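Report on the structure given below.
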Amino acid sequence: MNSENAMENQKLRAAQWFESLRDSICAAFEAIEDEQTTGPFADLPPGRFARKAWERTDHSGAHGGGGVMSIMHGRCFEKVGVNISTVHGEFAPEFAKQIEGAADDPRFFATGISLVAHMRSPLVPAVHMNTRFLATTKWWFGGGGDLNPPFPVEADTRDFHAAYQAACDRHDPSYFPKFKAWCDEYFFIKHRNETRGVGGLFFDDLHEGGFERCFELLRSVGDGFLDAYLPIVERRKATPFAEREREFQLYRRGRYVEFNLVYDRGTLFGLQSGGR
C-alpha cells in the first residue's frame, strides 16, 4: 500500500471509529434516561436522540463533507449533543496560515466527535469530550474530556481523573500528568483568572510514534469517557436540590459559553472552516 492509499485508509478508519463511539455513547445516555425514575424530573418522558445530517460548503462554495448532529432533551440530560463530522476542502487563505502544514497547501481533511452535556440537576456536572483527526500536509490527533460541575465534589473529581489516568497508563504512564496539566492550562478563562471546570485531560498535535500508536491512545481516551462520567451521573442524578443551586448552575453555564466564544480552538476551527 503506497503512502497515499495508506493515508486514505487511516482517514476512513478514524471516521468510522468516531461513528461507533457516537453510537455507544448515545445508547448509554438513553439508558440513563430510562433509569431516571426518581428525583425532581422523573415525571418527564425519557429523552431520545434526534439525528440531523448537515453538509459543509467551504469559502469557495464547494461541497466538502458534513456530519450528523445527535441532540437529546430528557429528564436527566437537559440538553446533550453528540456530534460527528468528516469534512475536507481548502482552508480560507488567512485561516490556513494558522494551521500547521497548511500555509503552502491549504487542502485539509478533518474528522471527529464532539460532545457537550448540560444536565437538569445542578448537582450533576456538565461534561465535554471530543476527539479528532486532522490532516493537511501533516496529520495529528487531538482531544480530551473535562468535567464542569457547578458544585465540585472532591470524590467526583478524583474518580473522573482516575478513569482517564487508567486509559492513558495503558499506553504510557507519562501521558496523563502531561495531559492533565495541559487541560488545566487550556480550559482557563484568562480574563477572569479562573478555570472553566475541574479539568480532566487535553492533548493536541499528537503524532509521535506513528499513526497506530496515536490511534490506540485516542481510542482509549474516547472509550474511557463513559467509564469516567457515568458513575458520577448515577450517584448524583436523583439528589434533591434547591432553586438557588439551579440559579448558580445557570450562572456557571455563562462561564462555559464565555470560554467557548473567546478561547476555544475547536469553535474557531468550526467557524472558520465552514463547519456547522
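Everything numeric here is computed off the predicted structure, so don't read it as measured data.
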message: Checking Phe151 against Phe248 for the ring-ring contact (aromatic ring centres under 6.0 Å, His included) test, could you report, in this order, the C-alpha distance in whole Å, the side-chain angles of both residues, the deciding distance, and whether it holds?
response: CA-CA 9 Å; Phe151 301 94; Phe248 187 73; 5.3 Å; yes

- request: Decide yes or no for Lys79 and Ile71: does some side-chain heavy atom of the first lie under 4.5 Å from some side-chain heavy atom of the second?
  value: yes

- prompt: Side chains of Val153 and Arg236: does their closest heavy-atom pair fall under 4.5 Å?
  reply: yes

message: Under the criterion side chain to side chain contact (heavy atoms under 4.5 Å, CB included), I'd like the reasoning laid out for Arg213 against Glu208: C-alpha separation, chi angles, the key distance, then a yes or no.
response: CA-CA 8 Å; Arg213 176 182 172 87; Glu208 293 182 1; over 6 Å; no

query: Is the backbone of Ser70 close enough, under 3.5 Å, to the side chain of Asn83 for a donor and an acceptor to pair up by distance?
result: yes

Glu8 vs Lys11, salt bridge (charged side-chain N to carboxylate O under 4.0 Å, His left out): CA-CA, chis, key distance, verdict: CA-CA 5 Å; Glu8 291 305 312; Lys11 293 176 181 178; 3.3 Å; yes

task: State, with a plain yes or no, whether a side-chain heavy atom of Trp139 is found less than 4.5 Å away from one of Cys214.
output: yes

task: Just do the salt bridge (charged side-chain N to carboxylate O under 4.0 Å, His left out) check on Lys138 and Asp105 with the steps written out, would you?
output: CA-CA 10 Å; Lys138 303 178 179 180; Asp105 184 345; over 6 Å; no

message: Can you confirm if the NZ or CZ of Lys190 lies within 45° of the ring axis of Tyr263 and under 6.0 Å from the centre of its six-membered ring?
response: yes

- prompt: Aromatic ring centroids of Tyr186 and Phe259 under 6.0 Å?
  reply: yes

- request: Examine the side chains of Gln10 and Arg13 and answer whether a donor and an acceptor come within less than 3.5 Å of each other.
  value: no

message: Measuring only between side-chain heavy atoms, which start at C-beta, is Tyr256 closer than 4.5 Å to Arg196?
response: yes

query: Should the pair Asp223-Arg170 be classified as a salt bridge under the 4.0 Å nitrogen-to-oxygen rule?
result: no

message: Tell me whether the rings of Tyr164 and Phe160 are parallel (<30°), tilted (30 to 60°) or perpendicular (>60°).
response: perpendicular

- prompt: Do Leu261 and Phe188 share a hydrophobic cluster (ILVMFWY, side-chain heavy atoms under 4.5 Å, transitive)?
  reply: no

task: Measure the CG-CD distance between Leu217 and Glu212 for me, rounded to the nearest 0.5 Å.
output: 13.0 Å

query: Relative to each other, are the rings of Phe141 and Phe215 parallel, tilted or perpendicular (30° and 60° limits)?
result: parallel

message: I'd like to know if the side chain of His128 reaches the main chain of Asp146, judged simply by a donor and an acceptor atom lying under 3.5 Å from each other, with no hydrogens or angles considered.
response: no

query: Can you tell me how far NE2 of His73 sits from CG of Leu44, rounded to the nearest 0.5 angstrom?
result: 12.5 Å

- request: Hey, can you tell me if Phe225 and Phe29 have their rings parallel, tilted or perpendicular (30° and 60° cut-offs)?
  value: perpendicular

- line: Smallest heavy-atom separation, Ser174 atom then Pro177 atom, equals O-CD, 3.6 Å

query: Taking the six-membered ring where the residue is Trp, are the ring centres of Phe202 and Phe179 under 6.0 Å apart?
result: no

- prompt: Would you say the side chain of Thr195 lies within less than 4.5 Å of the side chain of Ile189, judging by non-hydrogen atoms?
  reply: no

- prompt: At what distance, to the nearest 0.5 angstrom, does CZ of Phe108 lie from OG1 of Thr136?
  reply: 10.5 Å

field: Test item: Arg56 side-chain N/O and Val87 main-chain N/O as donor-acceptor pair under 3.5 Å
entry: no

field: hydrophobic_cluster_shared for Leu147 and Phe241, side chain cutoff 4.5 Å
entry: no

task: Treating Ile, Leu, Val, Met, Phe, Trp and Tyr as nodes and any side-chain heavy-atom pair under 4.5 angstrom as an edge, say whether Val127 and Trp182 lie in one connected cluster.
output: yes

field: Interatomic spacing from CZ in Phe133 to NE2 in His207 - rounded to 0.5 Å
entry: 12.5 Å

- prompt: Just by modelled atom types, is the Pro46 backbone N or O under 3.5 Å from a matching donor or acceptor in the Glu33 side chain?
  reply: no

message: Does Glu258, at its CD atom, have more than 12 non-hydrogen atoms belonging to other residues, nucleotides or ligands within less than 6.0 Å?
response: yes

Which atom of Met7 lies closest to which atom of Ala135, heavy atoms considered: SD-CB, 4.5 Å

- prompt: Taking C-beta and beyond as the side chain, do Arg235 and Asp156 meet within less than 4.5 Å on heavy atoms?
  reply: yes

query: If you measure only the distance, is there a donor-acceptor pair under 3.5 Å linking the side chains of Asn148 and Arg253?
result: no

message: Any side-chain to backbone donor/acceptor pair from His161 onto Leu201? Under 3.5 Å, distance only.
response: no

field: Minimum heavy-atom distance between His171 and Ser220, given as atom pair plus value
entry: NE2-OG, 2.6 Å

task: Apply side chain to side chain contact (heavy atoms under 4.5 Å, CB included) to the pair Arg48 and Glu30, showing each step before the final yes or no.
output: CA-CA 6 Å; Arg48 288 293 181 268; Glu30 287 182 349; 3.5 Å; yes

- prompt: Side-chain heavy atoms under 4.5 angstrom apart, residues restricted to Ile, Leu, Val, Met, Phe, Trp, Tyr: same cluster for Phe49 and Leu230?
  reply: yes

Donor-acceptor contacts, no H, no angles, side chain residues 115-125, under 3.5 Å, sequence neighbours left out:
residue : atom : partner : partner atom : Å
Arg120  : NE   : Gly74   : O            : 2.4
Arg120  : NH2  : Gly74   : O            : 3.1
Ser121  : OG   : Leu123  : N            : 3.1

Shortest non-hydrogen contact between Ser24 and Leu226, atoms and distance: O-CD1, 4.1 Å

- prompt: Backbone N or O of Ile113 within a donor-acceptor pair of the Ser85 side chain at under 3.5 Å?
  reply: no

task: Kindly give the heavy-atom pair with the smallest separation between Arg51 and Val68, and that separation in Å.
output: CB-CG1, 3.9 Å

Side chains of Thr131 and Trp17 in contact at under 4.5 Å (non-hydrogen atoms): yes

field: Working for side chain to side chain contact (heavy atoms under 4.5 Å, CB included), residues Gln165 and Lys180
entry: CA-CA 9 Å; Gln165 181 171 2; Lys180 179 180 181 297; over 6 Å; no

- prompt: Counting heavy atoms not belonging to Glu194, are there more than 12 under 6.0 Å from its CD?
  reply: yes

query: side chain to side chain contact (heavy atoms under 4.5 Å, CB included) between Thr111 and Phe18: does it pass, once the steps are laid out?
result: CA-CA 8 Å; Thr111 183; Phe18 291 131; 3.5 Å; yes

message: Is there a side-chain contact between Phe109 and Leu134 in this structure, where contact means two heavy atoms from C-beta onward sitting under 4.5 Å apart?
response: no

